Amino acid sequence: KAGVTQTPRYLIKTRGQQVTLSCSPISGHRSVSWYQQTPGQGLQFLFEYFSETQRNKGNFPGRFSGRQFSNSRSEMNVSTLELGDSALYLCASSLVQEGTEAFFGQGTRLTVV
Amino acid sequence: AQKVTQAQTEISVVEKEDVTLDCVYETRDTTYYLFWYKQPPSGELVFLIRRNSFDEQNEISGRYSWNFQKSTSSFNFTITASQVVDSAVYFCALSENTGTASKLTFGTGTRLQVTL
């Protein structure tokens, strides 16, 4: 069974640009969550999508957005990139079932220069 | 607000030693789930164990064991007979509200270095 796949693995962007990251969940998993990991702030929840709807949202500015497609694949977009957006972005998928664990992808390492 | 504290920033042990990673949490929810994840250098978070708030029975799974104590809001994780491959950053996490894994609050992580 394939795991969570995130593309691309690495990205270098310039301040002010926008970026789109992609996540393909484990087959059968309909919940997809996104996390940002930085040395200073650690792992922080961005948002979660289920059935193409955003169900939960973390405390991030509106420059961070996402969407989910009918096949449960998800994308997140960051507009007007800032240097502080440099981070490892992790996607996780899970069953919509209480107590189940989330499975994470290897992440996309975004560097903003 | 939910909070997870991992006071140990870094631990170094020699192979075959036992090591315990500490985790203290705060939540107002009566139903919640706690998790331990491992992050090797490759970056992927690997699920290790979970425990729900109604089950304080401590268990052993291979070289892993955990000690969940609601009275002290602690969820400690022990690796017995550590191996070099155990070297990684370990995160304790708490689920919010619904108890699903869709929104986790993580601790700051404990870096474990196992040497020969």
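Fair warning: this is a prediction, and the values are worked out from it, not measured in the lab. Each chain gets a letter, A, B and so on, in the order its sequence line appears, and its residues count up from 1.
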> For B:S42, which atoms come within 4.5 Å of any heavy atom of chain A: side chain, backbone, both, or neither?
both
> With rounding to the nearest 0.5 angstrom, report the CZ to OG1 distance, B:F35 to A:T100.
7.5 Å
> Under 4.5 Å between any side-chain heavy atoms of B:Q39 and A:Q37, yes or no?
yes
> Does A:R9, at its CZ atom, have more than 12 non-hydrogen atoms belonging to other residues, nucleotides or ligands within less than 6.0 Å?
yes
> Quick one: closest heavy-atom pair of A:F45 and B:L104, and the distance?
CB-O, 4.2 Å
> If I measure from the heavy atoms of chain B, does A:L88 come under 4.5 Å with its side chain, its backbone, both, or neither?
side chain
> Going hydrophobic residue to hydrophobic residue with side-chain gaps under 4.5 angstrom, can you get from B:V89 over to B:V84?
no
> For the residue pair B:F106 and A:Y35, is the inter-centroid distance of their aromatic rings smaller than 6.0 Å?
yes
> Does A:K57, at its NZ atom, have more than 12 non-hydrogen atoms belonging to other residues, nucleotides or ligands within less than 6.0 Å?
yes
> When you group the ILVMFWY residues by side-chain heavy-atom contacts below 4.5 Å and let the links chain together, are A:F64 and A:L83 in the same group?
yes
> Determine which residues belonging to residues 70-82 of chain B lie within contact range of chain A, meaning some heavy atom pair is under 4.5 Å apart, and list them by number or answer 'none'.
none
> Is there a path of hydrophobic side-chain contacts, each under 4.5 Å between heavy atoms of I/L/V/M/F/W/Y residues, joining B:L116 to B:V114?
no
> If hydrophobic clusters are built from ILVMFWY residues whose side chains come within less than 4.5 Å, do B:V24 and B:L21 share one?
no
> Is the backbone N or O of A:E101 less than 3.5 Å from a side-chain atom of B:Y33, with the two atoms forming a donor-acceptor pair by type?
no
> Take a 6.0 Å sphere around CZ of A:R109 and say whether it holds more than 12 heavy atoms from other residues, nucleotides or ligands.
no
> Tell me whether the count of non-hydrogen atoms from other residues, nucleotides or ligands lying under 6.0 Å of CZ in B:R111 goes above 12.
no
> Who in residues 45-54 of chain B is close to chain A, using a strict under-4.5 Å heavy-atom cut-off?
B:L45, B:F47, B:R50
